[in-house]
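Notes follow the structure.
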Amino acid sequence: MTPDQIKLVQQSFSKVAPISETAAVLFYDRLFEIAPQVKAMFPADMAEQRKKLMATLAVVVNGLGHLESILPAASALAQRHVGYGARAEHYPVVGAALLWTLEKGLGDAWTPETAAAWTAAYGALSGFMIAEAYGRSQAAE
Ligand code: HEM
């Protein structure tokens, strides 16, 4: 990611922060619409889950400028996800739901540059998490 892309991701995420609860509802609704098979993996009460997701995204977004500080936590998160039943092929689906949510949440602020910056950010994070959890060969696929 370029420094400009990091700035774009951080600026756009700060616009979503005030509506983070709504954004999280939108995200999971979208995820379960495009990947109904993953719904059973999540707890029935999603309130806590929504908070955790948005809090973690905030940490990642804030850490983009100094990646080395968030990699250990991202690695641990990836390992926990193996236990939740997450597989490498789920990551692109989660990424698609995330980008869709940001597009809805940001409206006119969702420019092609912002989309490219988020695609790069999610690609880097998910590539790292997949490699940590399932090995480098899966991440390259
Ligand atoms: C970069 C991508 C992702 C991020 C940032 C993320 C973030 C989180 C966070 C913060 C939690 C709360 C629990 C914890 O911290 O361990 C969580 C739980 C969970 N995630 Fe993810 N996740 C990602 C990708 C995925 C994928 C690809 C799946 C596959 C379907 C998935 C499925 C789940 C499930 C099922 C839980 C709930 C576990 C439980 O409470 O029983 N996540 N995720």
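All ligand and atom numbering here is 1-based and tracks the order in the structure.
- Nearest protein heavy-atom contact of atom 10 (C) of ligand 1 is T56 OG1, 3.0 Å.
- Ring pair Y134/Y91 is perpendicular by interplanar angle, where above 60° counts as perpendicular and below 30° as parallel.
- L26 and V93 sit in two unconnected hydrophobic clusters of ILVMFWY residues. Membership requires side-chain heavy atoms under 4.5 Å apart, directly or through other members.
- Between Y84 and V38 the shortest side-chain heavy-atom distance does not fall below 4.5 Å.
- Under a 4.0 Å criterion applied to the non-hydrogen atoms of Y122, ligand 1 contributes the atoms 1 (C), 2 (C).
- The closest protein non-hydrogen atom to atom 30 (C) of ligand 1 is M41 CE, 3.6 Å.
- When only interatomic distances are considered, the shortest N/O to N/O separation between Y84 and ligand 1 falls below 3.5 Å.
- The protein heavy atom nearest to atom 12 (C) of ligand 1 is K52 CD, 3.6 Å.
- Looking at M129 against ligand 1, only its side chain comes within 4.0 Å, counting heavy atoms.
- For the pair W100 and E33, the minimum side-chain heavy-atom distance is 4.5 Å or more.
- Scanning I130, L125, L98 for the heavy atom closest to atom 1 (C) of ligand 1 points to L125.
- With hydrogens left out, the protein atom closest to atom 4 (C) of ligand 1 is L77 CD2, 4.1 Å, a heavy atom.
- Residues L8 and L125 are members of separate hydrophobic clusters, defined by side-chain heavy-atom contacts under 4.5 angstrom among Ile, Leu, Val, Met, Phe, Trp and Tyr.
- Looking at H90 next to ligand 1, no N or O pair under 3.5 Å apart turns up.
- Under the 4.5 Å side-chain criterion, counting only non-hydrogen atoms from C-beta, Y122 is not in contact with L102.
- The backbone N or O of L71 sits nowhere less than 3.5 Å from a side-chain atom of S75 that would complete a donor-acceptor pair.
- Counting only heavy atoms of the protein, atom 26 (C) of ligand 1 lies nearest to V94 CG2, 3.6 Å.
- The protein atom (non-hydrogen) at minimum distance from atom 32 (C) of ligand 1 is F42 CZ, 3.4 Å.
- Ligand 1 lies within reach of Q49, whose nearest heavy atom is under 4.0 Å from it.
- Looking at heavy atoms from C-beta onward, L67 lies out of side-chain contact with F128 at the 4.5 angstrom threshold.
- Clustering ILVMFWY residues whenever any of their side-chain heavy atoms sit less than 4.5 angstrom apart, transitively, puts L57 in a cluster other than the one holding V25.
- When hydrogens are left out, the protein atom nearest atom 43 (N) of ligand 1 is H81 NE2, 2.8 Å; that is the closest non-hydrogen contact.
- Atom 15 (O) of ligand 1 has R80 NH2, 3.0 Å as its closest protein atom, hydrogens excluded (heavy atom only).
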